[in-house]
A.B. asks: 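Before I ask anything, here is the structure I am working with.
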Amino acid sequence: MKVSHHIRFLHKALIAAIGLLFCPSVAAAHLVTTGMGPVYDGIGHLLLTPEDLVPALAMALYAGLRGRAPGRRALFFFPFAWLLGGLLGLFANTMPIFPVTAFSFLLLGIFIASDLRLPDHAFTVLAAAVGILHGLLNGIALKAGPAGLGLLGIMSALFVLVAIVSAIVVSLKPPWTRIVVRVAGSWVAAMGLLMIGWFFRVQG
Amino acid sequence: MNFCIWFLILAVYLVWTPSAQAHVEQGQAVGFVTGLEHPWSGLDHVLAMIAVGLWGAQLGNPALWVLPVTFPMVMAMGAMMGLLGIPVQGIEIGIALSAILLGAMVLGEIRPKLYIAAILVGFFAIFHGHAHGTELPPGQSGLLYSMGFVIATGVLHGIGITIGTIHRWPAGKLALRGVGAFIAAMGVFFLWQAII
């Protein structure tokens, strides 16, 4: 009884969070200054950068689809890999030319849409790889601003995000609810394809 | 409990500090809204996408979700082809034919094998994606436009599926076939417009 009560609360919290994310605001791909310090700048960077937020949500959805154990693993591996990548990024100098984040969209989207049952170790590698990749890009971007503390903010926000979203997906019981998650995955994959297209359009 | 939740939402919203940007961003949020609006801007697209949902609802599981999953992914491939400059001939004719054939499938309550239905839907999705995916107004974010575009397409499928739930009643079945006939007839009109 108590558990279902918490799940209902999580459902409402997720709806509220989604509502807040769609509040009219500037979606900045560059540094966000909240005025509340570097940790909050990092949180703001994650929440207002769709290139990072969507793959993070997708990772959480996929972890939830895979079940409790992978969900727990993603909860720890993913944010820490992101932090590790970010720390490496603080020492890197150049941003990659190709939109590598498009591949996170594409890969995670396809995995979610197809409900692919990756072996445990492969899932862990995936979570770590996506985390390191996005963390690296964040580290390069945040170097001139909130730097390490900003990364800490991002990691904290990721931990909460993955915990809430994957827990909700794990709790989904009716088959149609898992289908909704898979449909969302197909949308993420479609966005990835379009990102690749836009990249070449701009380059051309 | 509900009061606490709403109070929490309100409190977070009120303390949500507006971003102080180093420079003024333009077109980002507009890009999302433009993408969201785009699939609704042409009746031919709207009817074809709703028809996908209707047909999926008629066919039931797993087509109910396989078709709406197939469509946006292949549509994005079509858009990517457009963005890469790969030409597709007869776009308008293809879109009109999609309305005719998908409407006819709903009208006849035709039940092909799942992969055939998915191939049919995917084939026409290329035309829809090629036509709409490339039309980003200058100064707007490609990613946010894509997000809005894909979400709006999904919503249109969802509307089709929701309407398609009337299929469970005998009168609903008939009404659904009537909607299919309407979509097919409109497709003929679009085809006539495309050819003339």
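Letters A, B, ... are given to chains in the order of the sequence lines, protein chains preceding strands, and every chain is numbered from 1.
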A.B. asks: Start with the C-alpha distance between A/Ile179 and B/Asn61, add both sets of side-chain angles, then the distance that settles side chain to side chain contact (heavy atoms under 4.5 Å, CB included), and finish with yes or no.
C.D. replies: CA-CA 11 Å; A/Ile179 287 169; B/Asn61 264 330; 4.2 Å; yes
A.B. asks: May I ask you to test the A/Phe105-B/Leu143 pair for a side-chain heavy-atom distance under 4.5 Å?
C.D. replies: yes
A.B. asks: Tell me the closest heavy-atom pair linking A/Ala113 and B/Trp65, and the distance in Å.
C.D. replies: O-CZ3, 4.4 Å
A.B. asks: Within a 6.0 Å radius of atom CZ on A/Phe77, are there more than 12 heavy atoms belonging to other residues, nucleotides or ligands?
C.D. replies: no
A.B. asks: How far does CZ of A/Phe199 sit from CG of B/Leu84, to the nearest 0.5 angstrom?
C.D. replies: 11.0 Å
A.B. asks: Can you find a heavy atom in the side chain of B/Leu83 that is under 4.5 Å from one in the side chain of A/Ile196?
C.D. replies: no
A.B. asks: Would you say B/Met77 has more than 12 foreign heavy atoms packed within less than 6.0 Å of its CE?
C.D. replies: no
A.B. asks: Would you name the heavy atoms of B/Pro72 and A/Ser186 that are closest together and state the gap between them?
C.D. replies: CG-OG, 4.2 Å
A.B. asks: For A/Arg68, I'd like to know if atom CZ has over 12 heavy atoms of other residues, nucleotides or ligands within 6.0 Å.
C.D. replies: no
A.B. asks: Which heavy atom of B/Gly154 sits nearest to which heavy atom of A/Trp187, and what is that distance?
C.D. replies: CA-CZ2, 3.3 Å
A.B. asks: In Å and rounded to the nearest 0.5 Å, what is the OG to CE distance from A/Ser114 to B/Met73?
C.D. replies: 8.0 Å
A.B. asks: Which bit of A/Val54 is near chain B, if near means a heavy-atom gap under 4.5 Å: side chain, backbone, both or neither?
C.D. replies: side chain
A.B. asks: Check whether any side-chain heavy atom of B/Met147 lies under 4.5 Å from a side-chain heavy atom of A/Leu194, and answer yes or no.
C.D. replies: no
